[in-house]
Amino acid sequence: MVTVRPMGPDDLGAAEALSAIEFGKARSPAYQLRWRTRTGHLLATDPGGCWAADDDAGLAGFAVSFRRESNWLLATFAVRGDLQGAGLGRRLLDAALAHGAGCERGMISASADVKAFRRYRAAGFSLHPQLSLTGRVDRAALPAGLAPVREGTGADRDLLDDLDRRRRGATHGPDHEVLASQCRLIVLDRPAGTGYAYLDDAGAAVLLCATDEGTATALLWEAVASSAPDADYEIAHVTAANEWAIDVGLAVRLAPATEGYLALRGLAPPVPYLHNGALL
Ligand SMILES: CC(C)(COP(=O)(O)OP(=O)(O)OC[C@H]1O[C@@H](n2cnc3c(N)ncnc32)[C@H](O)[C@@H]1OP(=O)(O)O)[C@@H](O)C(=O)NCCC(=O)NCCS
């Protein structure tokens, strides 16, 4: 007997642990904290979009979704391994999708899991393969001069909102507060074009949005140049439409590999744009 019910803050610990197992990746304590902070933020802004399931063994699964203007977005979705493939994912996703009823657009950064693919396709999403480029940055290939990016602040919100509406049809709204608390915000604002990017501790662009490919490329160069010399680096969440990002990765000798999909409903792959894995 599995019950589906609204998810609450008390579920965060068990949900993070279940997610770590089902996504099969070891997570640092810092990553776990970021996951709980981000998911707790979405529980607060969109309680109607977040659903959990229980059985006798405890938390059986969850789906965390949220609305930003007329976009519906799915941040995270998992079912405990022993229950997968038996229809619980459908129940959780249907509850989350109902939160987005009437939304014009939908976005999900999807794993490569065939069960997730079936669910999203059945819900009317188009699945666009995405690339991740990884490896050691060939620092000899970095450009001699970088564009004059500046550090972003809360005063840049209108600029960020305008860019996001152009690229994905909706702002990130309150999600900027979580992103800004976990990342460095850089802004490039010049006559030739405008853009912004959030960079994590490793210098990876975890969200990048710009008016044009030249500006997007300049922001990504700043990100790559800020990476640590002897650490692995990643340019993630690159759809084929964003070849400007593929070209930066290839220039510094990163290796491309396909990794999951950007699942979209009601919009084409945003470009130039590198989406965030959870906040899209
Ligand atoms: C993705 C996930 C949440 C879906 O939950 P679920 O309970 O497994 O989903 P459902 O059982 O409702 O649906 C799974 C679908 O895949 C099918 N399926 C099950 N096993 C399969 C297999 N080995 N090969 C192909 N299809 C399979 C099922 O028949 C069902 O399709 P249908 O409804 O068209 O018949 C769950 O599988 C999961 O946690 N996966 C690991 C984490 C993950 O990748 N999450 C998605 C993040 S984007």
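In listed order, ligands and their atoms are each counted from 1.
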Indicate yes or no: at least one non-hydrogen side-chain atom of L73 is less than 4.5 angstrom from one of S65. no
L88 neighbourhood, listing ligand 1 atoms whose heavy-atom distance to it stays under 4.0 Å: 7 (O)
Closest protein heavy atom to atom 46 (C) of ligand 1, given as residue, atom name and distance to 0.1 Å: F77 O, 3.4 Å
With heavy atoms of G85 as the reference, note each atom of ligand 1 found under 4.0 Å away. 6 (P), 7 (O), 8 (O), 11 (O), 19 (C)
At a non-hydrogen distance cut-off of under 4.0 Å, which region of R118 contacts ligand 1 (side chain, backbone, both, or neither)? side chain
Could you check atom 21 (C) of ligand 1 against the protein and tell me its nearest heavy-atom contact, residue, atom and distance included? K115 CG, 3.9 Å
Does one hydrophobic cluster hold both Y31 and V178, with members joined at side-chain heavy-atom distances below 4.5 Å? no
Ligand 1 atoms nearer than 4.0 angstrom to some heavy atom of G87 are 10 (P), 11 (O), 12 (O)
Will you find, in the side chains of R105 and S70, an N or O donor that is under 3.5 Å from an N or O acceptor? yes
Verify the distance criterion only: is there a donor paired with an acceptor across the side chains of Y273 and D164 at less than 3.5 Å? no
protein heavy-atom neighbour closest to atom 48 (S) of ligand 1 works out as Y120 OH, 3.0 Å
Which heavy atom of the protein is the closest neighbour of atom 23 (N) of ligand 1, given with residue, atom name and distance? V114 CG1, 4.6 Å
Heavy-atom proximity to atom 36 (C) of ligand 1, best of R80, R121, Q84, R90: Q84
Indicate yes or no: does an N/O atom of S111 lie under 3.5 Å from an N/O atom of ligand 1? yes
If I take atom NE2 from residue H128 and atom CD from residue Q130, how far apart are they, to the nearest 0.5 angstrom? 11.0 Å
Just heavy atoms, cut-off under 4.0 Å: does A86 contact ligand 1 by side chain, backbone, both, or neither? backbone
Go through ligand 1 atom by atom and flag the ones less than 4.0 Å from a non-hydrogen atom of A116. 1 (C), 46 (C)
Ring center gap for F62 and F77 short of 6.0 angstrom: no
Going by the atom numbers of ligand 1, which of them fall below 4.0 Å from some non-hydrogen atom of G89? 5 (O), 6 (P), 7 (O), 9 (O), 12 (O)
So do the side chains of L280 and R168 get within less than 4.5 Å of each other, counting heavy atoms only? yes
Looking only at protein heavy atoms, what sits closest to atom 41 (C) of ligand 1 is D113 OD2, 3.2 Å
Does atom 39 (O) of ligand 1 have any protein heavy atom closer than 4.0 Å? yes
Between R157 and E177 (salt bridge meaning N to carboxylate O under 4.0 Å), is one present in this structure? yes
Looking at ligand 1, is there an atom of it that comes within less than 4.0 Å of some heavy atom belonging to F117? no
Contact atoms of ligand 1, heavy-atom distance to A78 under 4.0 Å: 3 (C), 39 (O)
Under a plain distance cut-off of 3.5 Å, with no hydrogens placed, do S132 and E234 share a side-chain donor-acceptor pair? yes
Assess the side chains of R68 and T45: does a donor N or O sit below 3.5 Å from an acceptor N or O? yes
Same apolar cluster (I L V M F W Y, side chains within < 4.5 Å links), L199/L208: yes
Cut-off 3.5 Å, side chains only: do T76 and R38 have a donor facing an acceptor? no
Any nitrogen or oxygen of F23, side chain or backbone, less than 3.5 Å from one on ligand 1? no
Give me the residue, atom name and distance of the protein heavy atom closest to atom 33 (O) of ligand 1. R119 NH1, 2.9 Å
